[in-house]
Amino acid sequence: MSKISSNLSNECSQSILITQATIVNEGNQFVGDVLVADGRIQKIADKIDMNADKIIDAKGLMLLPGFIDDQVHFRDPGLTSKGDIATESKAAIAGGTTSFMDMPNVKPTTTTIENLEAKYQIGAQKAWTNFSFYFGATNDNLEELKKVNPSNVCGVKIFMGASTGNMLVDREQALRDIFTHSPTLITTHCEDTPMIKAQEEKYREQYGEDIPMSAHPEIRCREACYKSSSFAVDLAKETGADLHILHLTTAEEMELFEPGPVEGKKITAEACVHHLWFTEEDYATRGTYIKCNPAIKKQSDRDAIRQAVREGRIDIIATDHAPHTDEEKQNKYFMAPAGLPQVQQSLCALLDMVHDNVFDIETVVQKTSHNVAIRYQIEDRGYIREGYWADLVLVDMNKPHIDDKEHNLYKCQWSPWEGHTFKSSVISTIVSGELKYHQGEFAEFTPGHRLLFKR
C-alpha cells in the first residue's frame with residue numbers, strides 16, 4: 001500500500017518525490033525514485049535524498065507513463081447529456097489516462113477553425129487531463145482544413161464510414177484531395193457505407209425492427225471494414241499521406257500493416273481495448289452495451305488483433321470512449337446508438353491481459369504511451385524521462401476491484417465491464433506535475449495542458 005506524506009494539492013509548483021517504485025519505461029523495469037517539480041520530471045535515480053512537498057512511498061507499486069488516449073468522444077459541445085469534458089476526463093484520471101484526443105462529431109461539428117478553437121476554450125476550462133482536438137474533414141471543407149496548425153492540433157479525422165454524427169466523406173475526389181493536402185496526420189474511421197446499408201436492408205427484410213444484437217457484426221460486416229481500410233492504405237501510398245487507421249476489427253485488416261517498431265512508419269494502425277477484450281459471444285449477455293462501430297467480431301479476429309499488437313502491426317492501443325445514456329442503449333437495434341464508455345476501466349482491462357499473459361506490461365506501456373508520443377510527435381510527453389512533463393500513473397498490480405455503478409464516474413453511469421473484478425487498480429495519477437488522484441480521492445480541479453506537437 002502506498003503512503004503519501006501530505007494531503008492532495010493542485011499546485012504544480014509543489015514538488016513530489018515518488019520512492020521505490022517499479023518503473024516501467026522504454027522496455028525496461030527497475031526500482032527507483034522519481035522527483036517531480038515545476039510540472040516536470042527533474043530526476044530519476046536508484047535513490048534520491050532530497051526533500052519534497054509530497055512524498056509517495058510506492059514500494060510494491062508500478063510507475064507507468066500516463067495513458068495517452070488518441071481517440072475519445074467526450075461529447076462537448078452539444079451532446080453533453082451523454083457526457084462532457086469535465087465528467088469524462090475526471091473518469092479518465094481515475095483510470096490512469098493523462099492526455100486525450102477528442103473527435104469532431106459533436107454539435108456544432110469541429111469542421112471550421114472557429115469551431116475548433118472554441119472547443120479548445122472548453123477544454124481549457126473543463127479538462128482534468130491534457131487534451132487535444134481533431135479537425136473534422138468533410139466533402140467540402142478542404143480550404144478550411146489547410147489552415148490547421150500542425151504544431152497545436154493532433155490531427156485531421158475522416159469518417160470514411162458513417163457512424164455517429166453526419167460527417168461521412170464519401171466522394172473519392174474529396175478523399176484524394178484531403179490525403180494530398182492535409183497539413184498534418186490523417187486518422188480514419190474505415191467502413192464502407194453502401195455495403196453496410198445493403199446488409200441493413202437484408203436484415204430488415206428478415207427481422208423487421210427486431211434485429212438481434214448478434215447480427216451487428218454481420219451488418220457492420222468484415223468486408224465493409226476491409227474494403228475501406230485497404231482503400232485508405234492504397235490512397236496513402238499513392239499520395240504519400242501520413243495515415244493512422246483507427247479501431248481495426250478484423251484478422252484480414254492486420255495484413256495491411258507492416259510489423260515492427262512505429263518509428264519511421266507513414267501508415268500505422270490502432271486497436272481499441274474493447275476489441276481486444278470482447279467477442280461476438282458477449283452480445284448474448286452485454287447486448288447493446290457493447291454495440292459499437294466498427295463492430296466487435298469473432299474470437300479469431302480478437303486473437304489476430306492481439307497477435308498484431310505483439311508483432312507491431314498494431315502500433316497504438318486506444319479506447320474510442322463514446323458514452324450514451326442508459327435510456328438510449330435500452331432501445332431496439334436500429335435506435336440504440338453505437339459506442340461505449342471505458343476510459344475509467346481501459347488501463348485495468350489491459351493489465352488484466354498482462355495477468356493473463358496476453359501482453360507483457362512493457363508492451364502495454366509502449367502501445368498506450370511511447371508509440372502515441374512518437375506517432376503524433378507529442379512534445380515532451382509519453383515517457384518517464386528527465387525534463388519531460390510528469391504525466392505518471394501508479395498501479396497496484398495485486399489490488400483487485402469490482403467495476404460497479406457506485407464507483408462509476410461517467411455521466412452516463414454505466415460500463416460494459418460492470419460486475420467484472422479487475423485484478424489491478426490505479427492508485428495515483430499525476431498530470432503535468434500535479435497529483436490529481438490518489439487512492440480514490442481527487443485534488444481540487446485545475447485544467448490540464450493543451451498538447452503541443454513537434455512538427
task: Start with the C-alpha gap between L248 and I305, add the side-chain angles, then the distance that decides, and say whether side chain to side chain contact (heavy atoms under 4.5 Å, CB included) holds.
output: CA-CA 8 Å; L248 292 154; I305 299 167; 5.8 Å; no

message: Between D140 and R171 (salt bridge meaning N to carboxylate O under 4.0 Å), is one present in this structure?
response: no

task: Test salt bridge (charged side-chain N to carboxylate O under 4.0 Å, His left out) on K411 and E88 and set out the steps.
output: CA-CA 7 Å; K411 184 177 282 190; E88 308 312 285; over 6 Å; no

task: Drop me the distance from M62's CE to D396's CG, to the nearest 0.5 angstrom.
output: 10.0 Å

- prompt: Short question: side chain of H324, backbone of K82 - any donor-acceptor pair under 3.5 Å?
  reply: no

task: Ignoring hydrogens and angles, tell me if any N or O in the side chain of K423 forms a donor-acceptor pair with the backbone of L351 under 3.5 Å.
output: no

message: Quick one: does any side-chain atom of N141 pair with a main-chain N or O of E144 as donor and acceptor, under 3.5 Å?
response: no

message: Please determine whether side chain to side chain contact (heavy atoms under 4.5 Å, CB included) holds for the pair I196 and N293, giving the CA-CA distance in whole Å, both sets of side-chain angles, and the decisive distance to 0.1 Å.
response: CA-CA 11 Å; I196 292 168; N293 299 335; over 6 Å; no

message: Working to the nearest 0.5 angstrom, can you tell me the gap between T22 OG1 and L394 CG?
response: 10.0 Å

query: Is any side-chain heavy atom of V106 less than 4.5 Å from a side-chain heavy atom of F74?
result: no

query: Could R375 and D70 be called an ion pair, given the rule that one side-chain N must be under 4.0 Å from one carboxylate O?
result: no

- request: For the residue pair I18 and I430, establish whether any side-chain heavy-atom pair is separated by less than 4.5 Å.
  value: yes

message: Given 3.5 Å as the limit, does a donor-acceptor pair link the side chain of T249 with the main chain of I296, or not?
response: no

query: Hey, is the main chain of I384 close enough, under 3.5 Å, to the side chain of N25 for a donor-acceptor pair?
result: yes

- prompt: Should E223 and K227 count as an ion pair when the cut-off is N to O under 4.0 Å?
  reply: no

- request: Output yes when a side-chain donor or acceptor of T250 lies under 3.5 Å from a complementary backbone atom of E253, and no otherwise.
  value: yes

message: Quick one: does any side-chain atom of S415 pair with a main-chain N or O of W417 as donor and acceptor, under 3.5 Å?
response: yes

message: Closer than 3.5 angstrom, by distance alone: can the side chain of D380 be matched with the main-chain N or O of W389 as a donor-acceptor pair?
response: no

- request: Report the relative orientation of the aromatic rings in Y383 and H370; use parallel for angles under 30°, tilted for 30 to 60°, perpendicular for over 60°.
  value: parallel

- prompt: Crowded around Q173 CD? As in, over 12 foreign heavy atoms under 6.0 Å?
  reply: yes

query: Which pair of non-hydrogen atoms, one from L340 and one from P416, has the smallest distance, and what is that distance?
result: CD1-CG, 4.0 Å

message: As a quick check of understanding, evaluate side chain to side chain contact (heavy atoms under 4.5 Å, CB included) for K298 and D303, giving each step before the final call.
response: CA-CA 9 Å; K298 298 180 181 296; D303 293 346; over 6 Å; no

query: Do the side chain of K405 and the main chain of Q413 share a donor and acceptor less than 3.5 angstrom apart?
result: yes

- prompt: Is R75 close to D84 at the side-chain level, that is, under 4.5 Å between some pair of heavy atoms?
  reply: no

message: Go through it in stages, so that I can follow the logic: the residues are C292 and H274, the test is side chain to side chain contact (heavy atoms under 4.5 Å, CB included), and I'd like the CA-CA distance, side-chain angles, deciding distance and then a yes or no.
response: CA-CA 9 Å; C292 57; H274 52 296; 3.5 Å; yes

statement: Of all heavy-atom pairs linking L347 and V364, the shortest is CD1-CG1, 4.3 Å

query: Taking the six-membered ring for Trp, are the ring centroids of W128 and Y437 within less than 6.0 Å of each other?
result: no

- prompt: Sub-3.5 Å donor-acceptor pair from the side chain of H420 to the main-chain atoms of D403, do we have one?
  reply: no

- prompt: In chain order, what residues pass the ring-ring contact (aromatic ring centres under 6.0 Å, His included) check against H275, with sequence neighbours excluded?
  reply: none

query: With side chains defined as the heavy atoms from C-beta onward, is the minimum distance between T319 and S346 less than 4.5 Å?
result: yes

- request: Return the minimal non-hydrogen interatomic distance between I361 and Q29, and the atom names on each side.
  value: CG2-NE2, 3.5 Å

- prompt: So do the side chains of L175 and I158 get within less than 4.5 Å of each other, counting heavy atoms only?
  reply: yes

message: When you compare the side chain of P294 with that of H189, does any pair of heavy atoms fall below 4.5 Å?
response: yes

message: What I want to find out is whether K265 reaches E258 closely enough, with some N-O distance under 4.0 Å, to be called a salt bridge.
response: no

task: Determine the minimum heavy-atom distance between L145 and A137, stating which atoms define it.
output: CD1-CB, 3.8 Å

task: Measure the CG-CD1 distance between L256 and I267 for me, rounded to the nearest 0.5 Å.
output: 9.5 Å

- prompt: What are the two closest heavy atoms between K367 and G312, and how far apart are they?
  reply: NZ-CA, 3.7 Å

Taking every non-hydrogen atom, the tightest pair across H449 and N130: N-OD1, 2.9 Å

query: Rounded to the nearest 0.5 Å, what separation is found between the CZ atom of R302 and the NZ atom of K297?
result: 14.5 Å

query: Given the side-chain rings of H321 and F100, with only the six-membered ring counted for Trp, is the space between their centroids under 6.0 Å?
result: no

field: E379/K454 ion pair, N-O < 4.0 Å
entry: no

- request: Answer yes or no: is there an ion pair linking R450 with E117, defined by an N-O contact shorter than 4.0 Å?
  value: yes

